[in-house]
Visitor: 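After the structure tokens below, expect a handful of questions from me.
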6 protein chains.
Amino acid sequence: MPHIIHTVPRPDPQIVAALGKLGTATIHEAQGQSGALAHTIRPIFAGMKCCGPACTVKSHGGDNLMLHKAIAVAQPGDVIMHDGEDWFESNVWGEIMTTGAMARGIAGLVTSGVVRDTEAIHAKGFPVFSQGVSMKWCTKAALGTINHPIIVAGVAINPGDIIVGDDDGVVVIPLARAAEVLEKSLAREEKERVMMAQLKQGKTTVELLGLDKLLAGMGLTEE
Amino acid sequence: MPHIIHTVPRPDPQIVAALGKLGTATIHEAQGQSGALAHTIRPIFAGMKCCGPACTVKSHGGDNLMLHKAIAVAQPGDVIMHDGEDWFESNVWGEIMTTGAMARGIAGLVTSGVVRDTEAIHAKGFPVFSQGVSMKWCTKAALGTINHPIIVAGVAINPGDIIVGDDDGVVVIPLARAAEVLEKSLAREEKERVMMAQLKQGKTTVELLGLDKLLAGMGLTEE
Amino acid sequence: MPHIIHTVPRPDPQIVAALGKLGTATIHEAQGQSGALAHTIRPIFAGMKCCGPACTVKSHGGDNLMLHKAIAVAQPGDVIMHDGEDWFESNVWGEIMTTGAMARGIAGLVTSGVVRDTEAIHAKGFPVFSQGVSMKWCTKAALGTINHPIIVAGVAINPGDIIVGDDDGVVVIPLARAAEVLEKSLAREEKERVMMAQLKQGKTTVELLGLDKLLAGMGLTEE
Amino acid sequence: MPHIIHTVPRPDPQIVAALGKLGTATIHEAQGQSGALAHTIRPIFAGMKCCGPACTVKSHGGDNLMLHKAIAVAQPGDVIMHDGEDWFESNVWGEIMTTGAMARGIAGLVTSGVVRDTEAIHAKGFPVFSQGVSMKWCTKAALGTINHPIIVAGVAINPGDIIVGDDDGVVVIPLARAAEVLEKSLAREEKERVMMAQLKQGKTTVELLGLDKLLAGMGLTEE
Amino acid sequence: MPHIIHTVPRPDPQIVAALGKLGTATIHEAQGQSGALAHTIRPIFAGMKCCGPACTVKSHGGDNLMLHKAIAVAQPGDVIMHDGEDWFESNVWGEIMTTGAMARGIAGLVTSGVVRDTEAIHAKGFPVFSQGVSMKWCTKAALGTINHPIIVAGVAINPGDIIVGDDDGVVVIPLARAAEVLEKSLAREEKERVMMAQLKQGKTTVELLGLDKLLAGMGLTEE
Amino acid sequence: MPHIIHTVPRPDPQIVAALGKLGTATIHEAQGQSGALAHTIRPIFAGMKCCGPACTVKSHGGDNLMLHKAIAVAQPGDVIMHDGEDWFESNVWGEIMTTGAMARGIAGLVTSGVVRDTEAIHAKGFPVFSQGVSMKWCTKAALGTINHPIIVAGVAINPGDIIVGDDDGVVVIPLARAAEVLEKSLAREEKERVMMAQLKQGKTTVELLGLDKLLAGMGLTEE
């Protein structure tokens, strides 16, 4: 049922800031290999990175009425997380909406739809993750929801969950797990740093992870 | 029936030049949300832009015989607009043809096929819009047409229609509507400039477009 | 049957070095329009280039156990050539493996699977050709082969075959044909250089390739 | 611009009836290998066949407002030919519309969109060619055109053109060429009948088409 | 975290039986145009129909360990609802598992993965909805969950939700809404029956739905 | 290099006949989970089944010159195995070629291309496995090979290898392994028959395969 919720739980800004410095792959692993959107959601330009609490939006395919409203509803720092179905021939976001969103301090857009004005969006430095690009118009004719639970690219998202996006894609951190995931991510980063130092000194992952024993146990032979 | 037409109507060069300064999304909207090729046609590198009258070419899939001829038939300033079907495993254009086309002053290539030598084409600064990249060879064995009406990526194109391409894709402006579309595009650009200024001052598109009234009329509730 | 071969025939390093200076499209043509992987295998960033003998690896989809082992098995200068099936939602390679591979002098990775940490890989300058990007985890649970014949993206590859990758994709040169293909590629490059010079002087490919006679013979008419 | 035309040229019913007895592949060949829609347009069940003059309809993706109107505008015997873009997650046609269309004597539907109630449509014996099936709803919110020229799956269609669909897909016969194409199709059918009789007696197409001479001329060797 | 729940809330069997007589498209509309899985989930043969409470299963892509367990965990009448990711080259279900599932009274399978032995499954009369067919093996190496909330093809599903599948796809009815949705579906069916009777008597949907007024209000013109 | 080999090794007809009674999934498992073509190769109608030695054919995409020749080269009982690349908009096989092939006793066609006249082929009872259907014409202009090694849908095939196709897809049995694979397939069939009998008596695969111990060892918990 179409409906908007204005007041939603929000994560600790310090945790959000700390998560924003981590890579999405690290976070995905650290929270138990979960939360990654499907690989079809990509940054519109390499190097884009965003982090913030989700303002969740659900639209009918190829309609951006609720996204216009969401720009007015979202809080500064929010990432607009948009379930716009898989419609590739009508963009739901362009330069005008980017301008409006930036003026309101919005931190980024993740959409299962497609966008336009990618050059201008890139020049303005606004991070956008989408399924593609189309210049074609969309309707402003269908209702939806804002700040209700949604599903984007196979992942369930609640308003206030933390969204992190970079060149590897987009990952969702449930609000309740934010502190735990941050801690585990930092531990994992440290562990990877150590492993990479060992690799540079000539070790292999076969040695570091004990894979030869596993391989032999499975019956692999060599000559 | 295979056939070539050498003399076709051509647009006013000043209008072409003016259209070339506009974005494709603006033009698409200005001419009544029409003329945009399917989203599968992309520039081979970000930042490519082309504008010119169409020299239309129709080939059998995976055959570039007619494209070679088209380079000799097209007028300086023309964009070669190529219906090469949807065949992804044989390129129809590479560095040699780019060199030949540039020597003759051709302004760009749009093809539903795929291309190769993308690095060299990029270095030379020749704009190419295609459905992908493949190094694989194609035949030179099938006839087609040049400067007859064609369809590329869902849009009908006549020789002399104006083709504009940028990061948002490719749009076709019918020759007879060129002046009108230019005027409407400029008006739309101005309108967007005003709107973006208002957005920067804190307005939202909900206010500027009166969307709250629309949303309420459709029965949206908020809390 | 899972098995690893450590000693495989290897090409002449001088021939490998010389092939590495050529474009993949040139090589593909020079060896009789063969050896090109399907167009779905792409460099993860524009401008990547690799050349080296294949260390062939076959895995179950979404499992990178054999790739870890391959980093330890491959010789310096090898390109790891990986048949990882078409599984887009689990990466098989990231920054850790890149670090390990570079420490061992490996020249690049070509995989039918997907990868992660693309930004870090790009920064390190390691060439990777894949079918896409995903941050999602994969298993380390299935055996496979190393240095046995494999098929990647429609092309049969034997260990020691020479792999060349660039912006146009990836081509495989059979070990036994390396010297011949190098010679033919250089001849083709020279021929293209001459043709491009002629094109710059105003010739067309129609003249240079005698296409008008072919077109007329096929029944093409012009007006 | 949204608009409906009620009076359009219509083909000779006897020619339509005769074309309806021919296969689409035969017609496609007979009219010079043209007019075939892309292979993505398929009958929703094997064995469906339709033939009739096109009542052309253009909609916005995922909107069936104009299709409802078209059922009221089309003449008995017409095939509704629908450009509904490539939107797979909202059906534009189901049992209700089938019932209405059959009551008015409409001969079939070809749509680039998707449909639902396929079991009921099949039971009623109404031929439908589409890009897929989805139970999901669509909007009734966007204007379009009826009986204007359209493009469906890469083919230009004018109202009154004859549409033939069967298990091989859908082909469009321009109204002006109907008699000629019928004649050529019948000739081709006869030629194929003769050829198949010869094949049954042990000849091969290599002999009947003289291909060995062609193959040898191209340099093929055998052993 | 891998975990199995054995005791889950279950719907009223009479409501399940009544919903099983309705079409999925009717249910989808009746519950507010929600709950439909993506169009990529299809019955493996036309005419398959299933209805029952969901036993939800989540696996790693290309691994059916949890599905084997689910056959032992599910209650008679359950539909196994399986999030197996989008992996097309390893089946997760075949004749053996069908035999086991039927012996335990399981009502059907819906999987985002692919299956094999389709002929045998069809002959046994067991309804299966999947994304495709592959004979290729899968691993039994990764844990997952049973009777936890999952997402399949874009829809969130809780154990005990009612699953209905037919030729139009698969729809999910939240357990708490079962009675309401049944009632609304029956009302909708009755309304459609009336409408179809009127259509057979010569009315059009334009008249019955008052679309001409809507079209005129939107500015459509006719001639 | 284009070339035809007329004399190739051929399997024992009794082994071919025996393999033809087995399902492809059984054979795929019995020969070590190998030999299965990608899932995109499908029978054009449910219920098609073929078995025979491969007559291997390699063509350029969208060209069937070599297939015409192959009908004349193949031996009675052969399955024509065709690498025709992935070109979906030009069929390479129809009713005429089916008639010719049947007259010569050919047992079936497997092609990575697409076909037409599916209704007529089905009526004649000739098994065809392809990637799709298109009525569109192809060229007869490019050479290729007959009875040389090829790759189709990711699998390497030598002339004389045994091809089995059914509703689960197509599997290739290397000639040298035919007797061994037959024996292992029969053993596997027997094992599955026993297991299915046990399942019908109320056992589960969890019990029969000892999966509970595996699951518990991996750390799965239940409640």
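FYI, side chains are in, hydrogens and waters are out, and symmetry mates aren't considered; it's all heavy atoms of this structure. To find a chain, count down the sequence lines: A is the first, B the second, and so on, and within it residues start at 1.
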Visitor: Check step by step if side chain to side chain contact (heavy atoms under 4.5 Å, CB included) holds for F:I157 and F:V172.
Guide: CA-CA 7 Å; F:I157 302 148; F:V172 179; 3.8 Å; yes
Visitor: Which atoms of F:A142 come close to chain D, meaning under 4.5 Å heavy atom to heavy atom: side chain ones, backbone ones, both, or neither?
Guide: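 F:A142 touches chain D through backbone heavy atoms alone.
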Visitor: Would you please go through residues 209-221 of chain D and name the residues with a non-hydrogen atom below 4.5 Å from one of chain F, in numerical order?
Guide: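 The list, in residue order, reads D:L209, D:L211, D:D212, D:L214, D:L215, D:M218, D:G219, D:L220, D:T221.
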Visitor: Can you give me the closest heavy-atom contact between F:A72 and D:V206, atom names plus distance?
Guide: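 Taking every non-hydrogen atom into account, CB-CG2, 4.1 Å.
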Visitor: If I take atom CD from residue F:E85 and atom OG1 from residue F:T111, how far apart are they, to the nearest 0.5 angstrom?
Guide: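 F:E85 atom CD to F:T111 atom OG1 measures 10.5 Å (nearest 0.5 Å).
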Visitor: Compute whether any side-chain donor of one residue and acceptor of the other, for D:S59 and D:H82, lie under 3.5 angstrom apart.
Guide: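 Present: a donor and an acceptor within the cut-off.
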Visitor: How many angstroms lie between atom CD1 of D:I106 and atom SG of D:C55, to the nearest 0.5 angstrom?
Guide: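 D:I106 atom CD1 to D:C55 atom SG measures 7.0 Å (nearest 0.5 Å).
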Visitor: As a quick check of understanding, evaluate side-chain hydrogen bond (donor to acceptor under 3.5 Å, both in side chains) for F:D63 and F:T139, giving each step before the final call.
Guide: CA-CA 5 Å; F:D63 190 288; F:T139 50; 2.8 Å; yes
Visitor: Relative to the ring of F:H148, is the ring of F:H3 parallel (under 30°), tilted (30 to 60°) or perpendicular (over 60°)?
Guide: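 Answer is perpendicular, since the angle exceeds 60°.
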Visitor: Over all heavy atoms of both residues, which pair between F:G169 and F:F129 is shortest? Give the atoms and the distance, please.
Guide: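 So the minimum-distance heavy-atom pair works out to O-CE2, 4.1 Å.
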Visitor: Do D:E95 and D:T98 pair up side chain to side chain, a donor and an acceptor below 3.5 Å, judged on atom types alone?
Guide: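 There is no such pair (donor and acceptor under 3.5 Å, judged by atom type) between the side chains of D:E95 and D:T98.
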Visitor: Do side-chain atoms of D:D78 reach the backbone of D:A54 as a donor and acceptor pair under 3.5 angstrom?
Guide: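 No, because the side chain of D:D78 does not come within donor-acceptor range (under 3.5 Å) of the backbone of D:A54.
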Visitor: Has D:K203 got more than 12 heavy atoms of other residues, nucleotides or ligands less than 6.0 Å from its NZ?
Guide: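 No - once you tally the heavy atoms of other residues, nucleotides and ligands closer than 6.0 Å, there are 12 at most.
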Visitor: Determine which residues belonging to residues 8-27 of chain D lie within contact range of chain F, meaning some heavy atom pair is under 4.5 Å apart, and list them by number or answer 'none'.
Guide: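 Counting heavy atoms that sit under 4.5 Å from chain F, the residues of residues 8-27 of chain D involved are D:T24, D:A25.
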Visitor: At their closest point, which heavy atom of F:T56 faces which heavy atom of F:P159, and how far apart are they?
Guide: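 It is CG2-N, 3.8 Å.
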Visitor: Please check if the number of heavy atoms outside D:Q33 that lie under 6.0 Å from its CD is greater than 12.
Guide: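 Yes.
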Visitor: Hey, which residues of residues 36-43 of chain D are touching chain F, say heavy atoms under 4.5 Å apart?
Guide: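 Within residues 36-43 of chain D, the residues that come under 4.5 Å of chain F (heavy atoms only) are D:A36, D:L37, D:A38, D:H39, D:R42.
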Visitor: Does any heavy atom of chain F fall under 4.5 Å from the side chain of D:M195, the backbone, both, or neither of them?
Guide: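 Side chain only.
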Visitor: How far does SG of D:C138 sit from CZ of D:R116, to the nearest 0.5 angstrom?
Guide: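 Those atoms lie 8.0 Å apart.
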Visitor: Identify which part of D:V170 has an atom lying under 4.5 Å from any heavy atom of chain F, answering side chain, backbone, both or neither.
Guide: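 D:V170 touches chain F through backbone heavy atoms alone.
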Visitor: Check each atom of F:R104 against the heavy atoms of chain D and say whether the ones under 4.5 Å are side chain, backbone, both or neither.
Guide: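 Interface part for F:R104: side chain.
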Visitor: Does any backbone or side-chain atom of F:A141 lie under 4.5 Å from a heavy atom of chain D? Answer side chain, backbone, both or neither.
Guide: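 The answer is the backbone of F:A141.
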Visitor: Taking salt bridge (Lys or Arg N to Asp or Glu O under 4.0 Å) as the definition, give me every residue that meets it alongside F:D83, ordered by chain and number, with sequence neighbours left out.
Guide: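 Partners of F:D83 under the salt bridge (Lys or Arg N to Asp or Glu O under 4.0 Å) test: F:K58.
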Visitor: Does any heavy atom of chain D fall under 4.5 Å from the side chain of F:M102, the backbone, both, or neither of them?
Guide: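 When you check distances to chain D, no heavy atom of F:M102 falls under 4.5 Å.
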Visitor: Most heavy-atom pairs under 4.5 angstrom with chain D, which of F:K140, F:K69, F:M97, F:H122?
Guide: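 The answer is F:K69.
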Visitor: Return yes when atom CD of D:E180 has more than 12 non-hydrogen atoms of other residues, nucleotides or ligands closer than 6.0 Å, and no otherwise.
Guide: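 Yes, the 6.0 Å shell around CD holds more than 12 heavy atoms from other groups.
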